Amino acid sequence: MLGGEIMSEIVMQITELTKVFPLRDSKVGFKAVDSISIDLYKGEVLGVVGESGSGKSTLARCAFGITEPTSGGTIILGQSLVGKSRKATRELRAHLGFVFQDPAGSINPRMSVHAAIAEPLMLAGMDSDSIDKRVNFLMDRVGLATSQLSRKSHELSGGQCQRVAIARALATNPKIVLLDEPTSSLDLSVQAQILNLLEELRRDFDLTYFLISHNLDVVSHLSDRVAVMKDGVFVEVGSTRQVVDAPKHPFTRELIRVYSGAAREFDLDTWQDGPMNRWAFQNVSTFLPTRKIEASTKPLEFKALIDDTLDAITIDVADSTYTLPELLADVDTDAIVVVRKATLVYEKYFNDMTEDSVHLLQSVSKSILGALYAVMVERGVIDIDKPIAFYLPELVGSVYEDATIAQALDMTVAINFSEDYSDPQSEMARLDRAAGWRTNTTGQDLGLRSFLGTMTASGEHGKAYQYCSANTDVLAWLISEVTQTPYQELLTRYIWQPMGAHDDASIIVDSEGLSVGNGGISCTTRDLARFGLLIVNHGRANGEQVIPTAWIDATLAGASADVESADYLQALHPGGSYKNKWWITAGASREIFGVGIYGQYVWVDPTSETVIAKFSSLPIPVDGVHSRKHMALFKAICAH
């Protein structure tokens with residue numbers, strides 16, 4: 001339950017709950033929880049945040065009947081745990097799920113995964129066949145293979161143990177789940193996976209979460225409401241946005257300072273994750289080597305006619321209703337610029353950004369490479385139907401020996417490559433290390449050229465869509481090699497200056513000076529909008545044809561119908577595809593877009609002649625819910 005949806009049905013009512021622990025040589029005792037009262041509403045996530053020893057876990061254990069309170073009580077789903085028979089208590093607790101801090105410790109080490117998940121089902125009296133079906137279903141929903149059912153906790157990683165704990169918590173179809181520090185003992189990259197999973201399960205199972213955490217970033221990511229706890233009492237309670245954006249209590253402000261990107265010690269292995277990315281995405285050139293993409297001497301100036309009525313539009317998505325400002329806040333917006341018919345109609349900046357601030361594009365950089373290739377093809381510099389190794393003989397013996405440039409542009413190279421951003425062993429993580437985006441102590445992948453030469457084929461090229469960032473890096477290398485010109489200079493000469501860029505951009509380079517084409521560009525929000533306007537205007541800017549119209553038409557038409565698409569792409573955009581480094585919606589308005597992880601977008605609606613440039617600092621790389629929210633956001637703006 002998010003956005004502007006009204007909270008109505010109370011599923012848990014905590015009233016004057018107090019817990020006092022006896023102390024040796026003291027008649028008073030230690031009051032861990034002091035007269036707490038709060039309601040939990042159906043479908044919401046209530047996040048209770050505080051430092052260690054604040055009483056938040058004790059509050060949760062008392063509220064859920066794990067620990068007996070000294071006074072006060074809890075009504076759960078209209079019933080009290082106090083005074084009930086053992087059978088009635090068991091029936092009520094079947095509606096409650098529990099996920100605790102220590103993933104391995106919450107699973108009996110003598111039990112197999114199957115036994116751990118099945119135990120609450122056996123206690124509920126379910127027959128063995130039904131138990132097996134339910135266990136297999138839950139394993140699939142939490143992203144674990146059924147081949148792991150015979151394993152025990154010591155044979156699993158921390159993240160896998162927590163997935164088992166989540167599956168166990170959901171076994172009896174609970175209505176309310178207690179999440180007590182569910183990610184605190186996990187590595188940061190695994191935390192992102194678990195948070196993403198919890199958010200998906202909440203939506204799919206219509207769950208209500210009571211979340212306990214010391215980490216304000218975790219709480220603000222998942223929660224609809226936040227209660228800040230200190231010394232056994234709530235010092236501040238409100239919506240997540242109210243508490244995070246306009247904290248009233250000094251302790252809340254201190255928590256926010258501690259968890260702001262500026263206050264944390266920089267870490268090259270986690271700078272892309274929230275909250276560090278709030279600072280890092282605007283300051284890439286301070287910790288990674290970059291090269292300049294020069295602005296135009298004749299910048300394209302926007303007419304400005306701000307449409308204040310856009311703030312009043314409502315957007316229905318993910319079972320909630322938002323106003324535009326509410327949804328922008330929900331998806332961690334850093335900046336948004338809307339240009340319609342060459343007129344600037346909406347512009348907002350957050351997180352200390354201004355119109356002069358640059359921000360990392362991530363994979364929106366790929367769409368800019370696609371436009372550069374359109375120019376290079378028209379000029380006869382390259383033939384996209386030739387294999388990549390025709391131009392880069394160093395790649396003979398790799399996947400790129402047979403894969404063509406066109407297949408790399410359309411992401412139809414059949415390659416052994418995992419784009420899993422959170423798996424430190426994935427090819428994507430290797431690519432990041434090769435590019436200098438992560439620490440590299442492996443002695444391998446020492447630069448992009450070294451890494452790209454190790455890629456191997458997984459099948460026949462050109463048959464199926466497979467997203468792979470390495471394909472863009474190889475194309476940035478290729479065009480620089482063929483022209484004997486650095487990639488950033490090609491972008492300056494053929495895209496950035498001709499389109500009328502107002503400000504310099506930059507691109508990250510690896511240790512050998514090779515540009516990171518897959519996601520390394522940083523620019524201002526307005527200049528990203530200028531790039532989108534170039535597409536809306538059929539490739540023309542300042543009276544010149546910058547990008548061939550035929551290429552734009554081919555891109556808008558999408559991929560060939562005989563190319564097998566991906567399920568996640570069809571779920572988001574039925575009939576959609578990927579062409580020339582752009583995502584094709586196949587919508588009635590023929591929208592296309594470039595997208596980067598953590599919420600970077602350039603959205604192009606040729607029908608309404610609208611361009612939306614948006615930067616974000618989402619705490620996790622990819623999330624289906626946030627993707628749907630962004631699509632709804634863009635379509636609502638274009639329809640207004």
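Throughout, residue positions are numbered sequentially from 1 according to the sequence presented. The structure presented is a predicted model; accordingly, all values stated were derived computationally and were not measured.
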Kindly indicate whether the side chain of [X], heavy atoms from C-beta on, has any atom under 4.5 Å from the side chain of [Y].
| X | Y | answer |
| --- | --- | --- |
| V345 | I306 | no |
| Y487 | I479 | yes |
| L361 | F531 | no |
| R628 | L572 | yes |
| T439 | R433 | no |

Given the options T610, I612, D605, E591 meets side chain to side chain contact (heavy atoms under 4.5 Å, CB included) only with D605
Would you say the rings of [Y] and [X] are close, in the sense that their centroids are separated by under 6.0 Å?
| X | Y | value |
| --- | --- | --- |
| W583 | Y467 | yes |
| Y598 | F281 | yes |
| H573 | F593 | yes |

What is the minimum heavy-atom distance between [X] and [Y], and which atoms define it?
| X | Y | value |
| --- | --- | --- |
| F615 | Q600 | CA-OE1, 3.4 Å |
| D273 | P621 | OD1-CD, 4.3 Å |
| G575 | A586 | O-CB, 3.3 Å |
| R340 | H640 | NH1-O, 3.3 Å |

Look at E294 together with R493 and state whether they make a salt bridge at an N to O cut-off of under 4.0 Å.
-> no
Does the pair D445/R430 count as a salt bridge with the N-to-O cut at 4.0 Å?
-> yes
From [atom1] ([X]) to [atom2] ([Y]), nearest 0.5 Å:
| X | Y | atom1 | atom2 | answer |
| --- | --- | --- | --- | --- |
| L556 | I535 | CG | CD1 | 8.5 Å |
| I315 | I637 | CD1 | CD1 | 6.5 Å |
| K614 | K348 | NZ | NZ | 14.5 Å |
| T483 | I382 | OG1 | CD1 | 9.5 Å |

Check step by step if side-chain hydrogen bond (donor to acceptor under 3.5 Å, both in side chains) holds for S469 and K366.
-> CA-CA 9 Å; S469 287; K366 294 179 172 70; 3.1 Å; yes
Would the number of heavy atoms belonging to other residues, nucleotides or ligands and lying under 6.0 Å from CG of D204 be above 12?
-> yes
Enclosure of D352 CG (heavy-atom neighbours >12, cutoff 6.0 Å) | no
Report yes or no: do D420 and S422 form a side-chain donor-acceptor pair below 3.5 Å?
-> yes
Audit row: D410, K579, salt bridge (Lys or Arg N to Asp or Glu O under 4.0 Å) steps and yes/no = CA-CA 5 Å; D410 295 344; K579 183 71 177 177; 3.2 Å; yes
Would you please test H461 and D402 for side-chain hydrogen bond (donor to acceptor under 3.5 Å, both in side chains) and show each step?
-> CA-CA 8 Å; H461 305 308; D402 300 316; 5.3 Å; no
Counting only pairs under 3.5 Å, give me each side-chain donor-acceptor contact of residues 515-525, with atom names and distances, residues two or more places apart or in other chains.
| unit_1 | atom_1 | unit_2 | atom_2 | d |
| --- | --- | --- | --- | --- |
| S515 | OG | Q488 | OE1 | 3.3 |
| N518 | ND2 | D473 | OD1 | 3.4 |
| N518 | ND2 | D473 | OD2 | 2.8 |
| T524 | OG1 | D527 | N | 3.1 |
| T524 | OG1 | D527 | OD2 | 3.4 |

For T354 and D356, what are the C-alpha separation, side-chain angles and deciding distance, and is it a side-chain hydrogen bond (donor to acceptor under 3.5 Å, both in side chains)?
-> CA-CA 5 Å; T354 69; D356 299 319; 4.5 Å; no
Starting from the C-alpha separation in whole Å, work towards a yes-or-no answer on ring-ring contact (aromatic ring centres under 6.0 Å, His included) for W437 and W271.
-> CA-CA 9 Å; W437 290 33; W271 65 271; 5.5 Å; yes
Given salt bridge (Lys or Arg N to Asp or Glu O under 4.0 Å), test E564 with K463 step by step and report yes or no.
-> CA-CA 6 Å; E564 182 182 343; K463 297 297 184 183; over 6 Å; no
